[in-house]
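First listed ligand is number 1; within each ligand, the first listed atom is number 1.
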Amino acid sequence: MTTLSLHALRKTYPGAGHAAVHGLDLTAASGSLTALLGPSGCGKTTTMKLIAGLIAPDAGEVRLDTGPITHLPPEQRGVTMVFQNPLLFPHLTIAQNIGFGLRMRGLPPARIADSVAAMLSRVRLDGLGDRRPAALSGGQQQRAALARALVLHPRVLLLDEPLSNLDPGLRDEMRQLIRGLQLETGITTIVVTHDQAEAVALADRIALMLDGRLAQHGPPEDLYRRPASLAVARFFGGVNFLPGRSEGGVFRSALGTLTLPPGMPEGDGILTLRPEALRLGPGPNARMARVDAVTFLGTQTRISLTVEGCALQALTTPDLATALAAGTSLAVSLPPEALWLLPPE
Ligand code: ATP
């Protein structure tokens with residue numbers, strides 16, 4: 001069991017105007033699965049390469065438990081990285097690919113064969129060990145690459161966008177496989193993704209990176225319901241933002257005075273409410289609203305509203321939205337327990 005920690009990790013590529021990773025501090029608890037989440041170019045892959053030792057930081061340290069590993073070459077770190085496009089050796093069979101690292105370690109052939117057979121079955125590739133990579137589907141190649149990493153029992157496993165090349169059905173299957181194997185082996189794992197729904201479904205904790213910095217790190221629910229900043233809230237699909245001032249348990253804004261939940265900070269801020277928490281109908285903090293648009297999205301319907309001159313959005317089930325059309329007026333409620341205050345920009 002291994003805790004991975006990054007301390008003030010910094011990397012600027014030669015010739016780049018800004019740092020790709022900007023003083024990153026992050027701890028992944030022993031046996032946990034952390035999703036390293038963020039938009040394209042925010043520094044996720046760079047962070048993984050720094051942990052794996054494929055590139056060197058300009059400053060800062062990577063530690064496993066309390067021991068620094070920053071000075072060690074990749075093969076001595078106990079860290080294995082699986083890339084987005086699995087780099088299986090094309091001329092070797094799948095079984096030989098999975099056993100490759102064990103052969104390099106000089107293990108006896110019989111033990112390698114046993115470990116490989118067990119691993120093939122764990123990633124559901126039984127019977128496919130004699131095939132070459134080209135004779136496997138993309139999803140099967142991903143599973144073979146995962147097996148090749150796991151068979152080495154790394155202290156830390158890094159998976160770079162393991163699901164992005166798979167179609168939606170396979171993605172779900174691979175997600176469950178990764179989570180199942182991770183729980184079974186207890187290997188401290190970091191999964192890179194740019195998809196927030198995927199991070200929420202997979203991880204114990206999410207580390208959200210924006211522009212080379214850690215924007216928030218916590219359980220998925222925290223990033224959804226208690227975002228640390230406007231940028232985090234926007235990344236997680238937040239759309240309702242009201243600037244104003246918090247004072248004595250109420251928030252004063254263009255919507256008038258709204259009751260806040262207990263414990264909110266005082267002073268200027270931005271009130272936010274997730275669109276699925278905005279209730280159609282009377283209730284606490286009720287206001288009259290005009291419906292501007294009703295957009296059917298499949299499992300949900302988006303209602304665009306104007307409330308006291310402010311644009312707000314609600315997400316509701318399609319059956320609740322059937323009676324609504326552009327131009328309708330109705331009462332909406334902003335339940336205090338669903339309100340959250342963000343710091344001003
Ligand atoms: P993506 O999701 O698109 O893979 P990412 O979050 O993994 O993106 P990185 O690949 O870490 O982001 O890139 C971070 C920043 O560093 C980007 O601005 C990128 O253009 C830059 N960068 C990445 N690799 C290099 C390199 N080898 N040389 C110069 N700049 C690089």
Point to revise | Residue pairs fulfilling side-chain hydrogen bond (donor to acceptor under 3.5 Å, both in side chains) with at least one residue in residues 318-333, sequence neighbours excluded | key: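 Qualifying pairs, neighbours excluded: Thr317-Asp319.
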Exercise for review: Measure the spacing between OG1 of Thr188 and CG of Leu4 and express it to the nearest 0.5 Å.
Suggested key: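 Going from the OG1 atom of Thr188 to the CG atom of Leu4 covers 7.5 Å.
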**Study point:** Per-ligand residue contacts, ligand 1, heavy-atom threshold under 4.0 Å
**Key:**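 Within 4.0 Å of ligand 1, protein side: Tyr13, Ala20, Pro39, Ser40, Gly41, Cys42, Gly43, Lys44, Thr45, Thr46.
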Review point. Hey, is CG on Asp211 packed in by over 12 heavy atoms from elsewhere, all under 6.0 Å?
Key: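 At most 12 heavy atoms, drawn from other residues, nucleotides or ligands, come within 6.0 Å of this atom.
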Practice item. Assess whether atom CZ of Arg111 is packed by more than 12 heavy atoms of other residues, nucleotides or ligands within 6.0 Å. Key: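 No - once you tally the heavy atoms of other residues, nucleotides and ligands closer than 6.0 Å, there are 12 at most.
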**Study point:** Face-on cation placement of Arg132 at Phe89 ring, 6.0 Å and 45° thresholds
**Key:**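 Checked: cation-pi criterion not met.
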Check your understanding: For Arg179 and Gln176, does a side-chain donor sit closer than 3.5 Å to a side-chain acceptor?
Key ->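 Per modelled atom types, Arg179 and Gln176 side chains form no pair under 3.5 Å.
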